[in-house]
Amino acid sequence: YISIATTRPETMLGDGAVAVHLSDERYASIVGKLCEIPVGPKEHRRFIPIITDEYPDPDFGSGAVKITGAHDFNDYQVAKRGKIPMYRLMDTQAALRADGAPYAEEAAKAKQIVESGELPDEETVDAINLVPDDYRGLDRFEARKKIVADINADGLAVMTKDEDGNAVPMVENKPIMQPFGDRSKVVIEPMLTDQWFADAKTLAEPALASVKEGRTKFVPENWSKTYYQWMENIEPWCISRQLWWGHRIPAWYGPKIDSDGCKLETGESEIFVAKSDAEAVQLAQTYYGSDVSVSVDHGDFGIVLAGGEKLDIGTENERIKLDSVSLSRDPDVLDTWFSSALWPFSTLGWPEKTPELERYYQTDVLITGFDIIFFWVARMMMMGNHFMKQEPFHTIYIHALVRDEHGAKMSKSKGNVIDPLELIDEYSADALRFTLAAMAAQGRDIKLSTDRVAGYRNFATKLWNATRFAEMNECKLVEGFKPEDAKSQLNRWVLTELSRAVNDVTREIEAYRFNEAAAAVYRFVWNKVCDWHLELAKPVFGGEDEAAKAETRATTAYVLDQIYALMHPFMPFITEELWERTSGEGVSRDGFLMHSSWPVEGILDDQAADEINWLIDLITAVRSVRAEMNLPAKARTDLLLIGANDDEKAMLERSMNALQRMARVDNGSVASEAPQASAQIVVGQLTVCLPLEGVIDFDAERDRLNKERDKATGEIEKIEKKLGNQGFIAKAPEAVVAEQRTRLEDLQATVAKLDEGIARLG
RNA sequence: GGGCGUAUAGCUCAGCGGGAGAGCACUUCGUUGACAUCGAAGGGGUCACUGGUUCAAUCCCAGUUACGCCCACCA
């Protein structure tokens, strides 16, 4: 006996051989001999050869494998190599076959094949039904039970002992990967059928070269590896599907004829591949000769004999002179992806040479998910190269996939889909869209966080309120507004920041870094415009300087207008709405924001930017000190700039309105020395102090300064160590070394000023 | 089995060869007219582990551990 393990005992009925590994010494002596299959009627037991192959793993189980070529992928390969017949046991309903002659006759045919050593053609083998009579028509699982019962009854199972020492058939509990139908949820049985295949390997070569040679790029780039992996190990592509929907396979069948014009006894078909019925008829006419009438029959397929008798195309055992033939078209349709692969050009009118095709092919960027790379992207690349001799697109952007809260891929069949409509109802489409953009970092999937969506909903509200504020302060668009004409530092600053934001957002979008683009626009709108520009504009709006007021109004309106455009790709609805509402008098707004032009860089005024950014730092520092000193929110202080020059004094004067309002400063002035009872802040190159006579806690202030000093000296140590390293000086780029030197000097100046402050406190 | 990827603040995630970031959450303070879906100030991280390359590593390379995904599939 040879021990065999199987999870599908019923397939033993169709076994064509037992295979062992080439090097397996245990079986060497019996290779080439025949063994009996222990199933089926005893009087007709089949014998099959013991063969060698590289496939069986000698260390796995008994080292011997049963070969069922018709119902297993691996066995199919072994059977093909070993010229072993592949007997089909099941029908398309996964029931055991009920067709053909009685088992005794069929088994005799199989016996004849083994004895002759000649392998008949596939169709002949496929016609043999080796299912024993009393198994025919049984469901596969029923048949499995019955086979096991029969084997056990015959005492042919490999036995082992159970816990009580009783002999029982040996069953191993072993996990296996079991493929299930995606839709049907039913265990899949591999089975041999006739299908159409495309030569994917040949199609893949140019498609592979397109990416390797950079004519089409993946973004992010590393997805090209996934593409290569698949293209380089490509299998023939099965393109026929037994479905009703789709492009029908363009193949027509008629009976094959011999040189006398007679139909073959085997009933074989001749295939005519054509673009239309008419072309198929034409091809067939050439094949059958002018004395046979050829037609296409869309209903009843068949051939008509000279006597008017009608036969099915496949009718065997009769060699008849044909009078007329009606061709039948293959009822199968093309694989969805075969048809979809034609999309980039078939939608433009191909195969006609239309103007659309001329204009839009090659297309630009394909945006899709990674799970579509094999199915669609690869196929479009193959078809585009084949039919159009050019790649269908120059860039393939692979976007992130939104996963569920557990990180699993969402799918309709799994039912774990987060419904975007619910999020839209709660937070708005703009908020959701912005969130997806903000989270779409390259090369990473998204676990959707509703907190983030809520945050960006708030961002939309912020923008709305900023617009309302501008409206209340009569900020109207002024036609012909030119950023370069702005006078005030504040306006020049915000216009400079706008230019920087425009450049950042544009650059990031062009590089497909949508999350960076979203972050840049967010920072500009909230942290520059709302937090500072609008706040710093308040004293101007409330002030007496009408010229400054007018300029600031115009600037604010202009900046918001640019913001709507910058944010439009991320929040199309609210920006379109605000844009429409803010059309000022004299400013024409034909059409949509969507159709307006993209912002471009305006002014870049570093001096203005530095001044306002210094002011922002100063206000922040004052607020920080006030908080740390536990100053009551309403308390006001004075402010002294220590040892400032004329320029710095002028800067302070320009900033007083803002300081009064935002830092709760009463009077600002320049002093040569700080009073003892004051809190001291180092901002840039200047020491600023807040006289806090009677309020200041000297110990607390000393601690605060020491804390800042420690932070700075820690940094200084690190930089000194770096600069003391000869390797660093010698090998690091000059700019990096210079930067470190500057940083060191700045920090040292800060420490010196802090030291003075600490000394002054006593 | 083949391939790809991820480990950074309590959470969700950016970032990057040279000074650790955002949002949410948390602490304290604040409603006189843009916004409480808000404002101000703050706390919080050995950038998974081990080794290597480098003047310099959270970042590059190798290995380890954990987790995830794609493809194939063991009689």
Side-chain angles (χ1 to χ4, degrees), chain A residues 4-8 11 18-19 55-57 60-68 72-75 78 174-179 222-223 225-226 228-230 232-233 235 370-371 373-374 401 403 405-409 427 431 435 438-439 441-473 513 515-516 518-519 522-523 527 530-531 534-535 538 619-620 623-628 630-634 662-663 715 718-719 721-723 725-733 735-737 739-740 743 747:
Chain A
I4 297 289
T6 179
T7 57
R8 293 187 299 158
T11 63
V18 167
Y55 166 62
D57 179 355
F60 196 94
S62 67
V65 187
K66 64 189 226 41
I67 299 301
T68 320
D72 184 278
F73 294 108
N74 289 311
D75 291 8
V78 176
K174 208 169 156 296
I176 57 165
M177 290 300 295
Q178 178 68 69
N222 57 332
W223 285 112
K225 286 183 195 164
T226 305
Y228 295 153
Q229 165 74 11
W230 194 71
E232 283 165 0
N233 299 295
E235 298 286 334
F370 75 87
D371 52 344
I373 292 176
F374 311 119
L401 233 53
R403 297 181 178 276
E405 58 198 307
H406 308 294
K409 189 173 147 186
Y427 301 107
T435 307
M439 296 185 83
Q442 287 182 8
R444 187 152 179 161
D445 286 342
I446 296 173
K447 267 190 273 171
L448 201 55
S449 153
T450 51
D451 282 346
R452 289 287 289 267
V453 185
Y456 294 121
R457 183 266 324 266
N458 296 353
F459 180 49
T461 308
K462 189 80 179 172
L463 180 67
W464 185 271
N465 283 316
T467 300
R468 204 169 62 148
F469 171 78
E471 190 182 21
M472 287 167 64
N473 285 285
R513 286 190 295 261
N515 61 316
E516 293 292 346
Y522 182 96
R523 279 193 305 266
N527 303 125
C530 291
D531 286 352
L534 297 185
E535 291 300 327
K538 281 176 185 174
I619 292 171
T620 305
R623 284 168 169 174
S624 179
V625 169
R626 293 173 55 99
E628 282 185 57
N630 291 316
L631 246 63
K634 290 182 177 168
M662 300 181 71
E715 280 298 311
K718 271 201 239 169
I719 297 169
K721 195 172 159 196
K722 199 177 270 185
L723 288 169
N725 181 338
Q726 283 311 310
F728 176 71
I729 302 295
K731 297 192 178 177
V736 173
V737 177
E739 190 194 342
Q740 295 298 318
R743 267 191 72 210
L747 284 164

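FYI, side chains are in, hydrogens and waters are out, and symmetry mates aren't considered; it's all heavy atoms of this structure. A note on names: the letters A, B, ... follow the listed sequences, proteins ahead of strands, and every chain is numbered from 1. The model shown is predicted, which means the values in this text are computed figures rather than measured ones.
- To the nearest angstrom, P of U54(B) lies 19 Å from CD1 of Ile729(A).
- Contact annotation for Gln726(A): no contact, since no heavy-atom pair falls under 4.0 Å across all strands.
- The partner of C35(B) is absent, by the rule that a Watson-Crick or G-U pair needs both atom distances under 3.5 Å.
- Counting atom types as modelled, Glu535(A) pairs a side-chain N or O with a base atom of A34(B) as donor and acceptor under 3.5 Å.
- Between Asn458(A) and C38(B) there is a side-chain N or O to OP1 or OP2 distance below 4.0 Å.
- Taken to the nearest 0.5 Å, the CG atom of Leu723(A) stands 13.5 Å off from the NZ atom of Lys718(A).
- Across all strands shown, Asn465(A) has heavy atoms under 4.0 Å from base atoms, whether or not it also approaches the sugar-phosphate.
- Taking every side-chain heavy atom of Arg468(A) into account, C35(B) is the closest of C24(B), U12(B), C35(B).
- Rounded to a whole angstrom, the distance from the P atom of C49(B) to that of A66(B) is 16 Å.
- Looking at heavy atoms from C-beta onward, Ile619(A) lies in side-chain contact with Arg623(A) at the 4.5 angstrom threshold.
- For the P atoms, the distance linking U6(B) with C13(B) amounts to 14 Å, nearest Å.
- At whole-Å resolution of the value, CG in Asn725(A) and C1' in G17(B) are 15 Å apart.
- Nearest nucleotide to the Asn222(A) side chain, out of C73(B), G23(B), G5(B): G5(B).
- Using a 4.0 Å heavy-atom cutoff across all strands shown, Arg457(A) reaches at least one base atom of the nucleic acid.
- Closest contact between the side chain of Phe728(A) and the listed nucleotides U12(B), U31(B), C55(B) involves C55(B).
- U28(B) sits 34 Å from A7(B) when the C1' atoms are compared, rounded to a whole Å.
- Set against C55(B), A75(B), C35(B), the side chain of Val65(A) has A75(B) as its closest nucleotide.
- In this structure, of G19(B), G39(B), A41(B), it is G19(B) that holds the atom nearest to the side chain of Arg743(A).
- The NZ-P distance, from Lys225(A) to G3(B), rounds to 11 Å in whole Å.
- Within the shown strands, nothing qualifies as a pairing partner of C74(B) under the Watson-Crick or G-U definition with both distances less than 3.5 Å.
- Comparing C24(B), G2(B), A75(B) against the side chain of Gln229(A) picks out G2(B) as the nearest.
- Taking the P atom of each, G21(B) and U64(B) are spaced 34 Å apart, rounded to whole Å.
- Annotation: of the two residues near RNA chain B, Lys718(A) and Ala438(A), the 5′-most nearest-nucleotide partner is Ala438(A).
- Contact annotation: the side chain of Asn74(A) never approaches that of Ile67(A) to less than 4.5 Å [non-hydrogen atoms, C-beta and beyond].
- When rounded to the nearest whole Å, the span between CZ of Phe374(A) and P of A72(B) equals 9 Å.
- Remark: C4(B) base-pairs with G68(B). Criterion, Watson-Crick or G-U wobble with two distances under 3.5 Å.
- Spacing of P atoms, G17(B) relative to A57(B), comes out at 14 Å, to the nearest Å.
- In this structure, Gln740(A) CD and Arg743(A) CZ are separated by 5.5 Å, a value rounded to the nearest 0.5 Å.
- Heavy atoms of Asn630(A) sit nowhere under 4.0 angstrom from any nucleic acid atom.
- At a threshold of 4.0 angstrom between heavy atoms, the contacts of Thr467(A) with the nucleic acid are absent.
- Between Ser624(A) and G42(B) there is a side-chain polar atom (N or O) within less than 4.0 angstrom of OP1 or OP2.
- Separating the CZ atom of Phe459(A) from the C1' atom of A36(B) is a distance of 18 Å, rounded to the nearest angstrom.
- Within 4.0 Å of Glu739(A), counting heavy atoms only, lies no atom of the nucleic acid at all.
- A distance of 7.0 Å separates CZ in Phe469(A) from CD in Glu535(A), rounded to the nearest 0.5 Å.
- Where Leu534(A) and Ala454(A) meet RNA chain B, the nucleotide closest to each residue was compared, and Leu534(A) sits on the side nearer the 5' end.
- Using the Watson-Crick or G-U wobble rule with both distances under 3.5 Å, A20(B) pairs with nothing in any strand shown.
- Whole-Å rounding puts the Tyr427(A) OH to C24(B) P distance at 13 Å.
- Within 6.0 Å of the CD atom in Glu471(A), the count of heavy atoms belonging to other residues, nucleotides or ligands does not exceed 12.
- The side-chain heavy atoms of Thr68(A) and Arg8(A), taken from C-beta on, include no pair separated by under 4.5 Å.
- Asp72(A) comes within 4.0 angstrom of sugar-phosphate atoms only, judged by non-hydrogen atoms across all strands, and of no base.
- Note on Ala730(A): nothing from the nucleic acid sits closer than 4.0 angstrom, heavy atoms only.
- When each of A34(B), G18(B), C24(B) is scored by its nearest atom to the side-chain atoms of Phe469(A), the top-ranked nucleotide is A34(B).
- Of the candidate nucleotides G39(B), C29(B), C74(B), G39(B) has the atom lying nearest to any side-chain atom of Lys462(A).
- A gap of 11 Å separates the P atoms of C59(B) and G18(B), to the nearest Å.
- Distance CD (Glu628(A)) to P (A40(B)): 17 Å, rounded to an integer number of Å.
- For the P atoms, the distance linking G45(B) with A40(B) amounts to 24 Å, nearest Å.
- Atom-to-atom distance recorded for Lys66(A):NZ and Asp72(A):CG is 8.0 Å, nearest 0.5 angstrom.
- Checking A41(B), A34(B), G18(B) against the side-chain heavy atoms of Lys538(A) singles out A34(B) as nearest.
- Base pairing of A62(B): its partner is U50(B), meeting the Watson-Crick or G-U wobble criterion (both donor-acceptor distances under 3.5 Å).
- Separating the OH atom of Tyr456(A) from the P atom of G23(B) is a distance of 9 Å, rounded to the nearest angstrom.
- The base-pairing partner of G43(B), taking Watson-Crick or G-U wobble contacts with both distances under 3.5 Å, does not exist among the strands shown.
- A gap of 14 Å separates the P atoms of A48(B) and C11(B), to the nearest Å.
- In this model, no side-chain donor or acceptor of Arg452(A) finds a partner on the base of G23(B) within 3.5 Å.
- When distances run from any side-chain atom of Thr461(A) to the nucleotides C29(B), G39(B), U37(B), the shortest one goes to U37(B).
- Remark: Lys462(A) fails to qualify as a cation-pi partner of Tyr522(A) under the 6.0 Å distance and 45° angle criteria applied to the six-membered ring.
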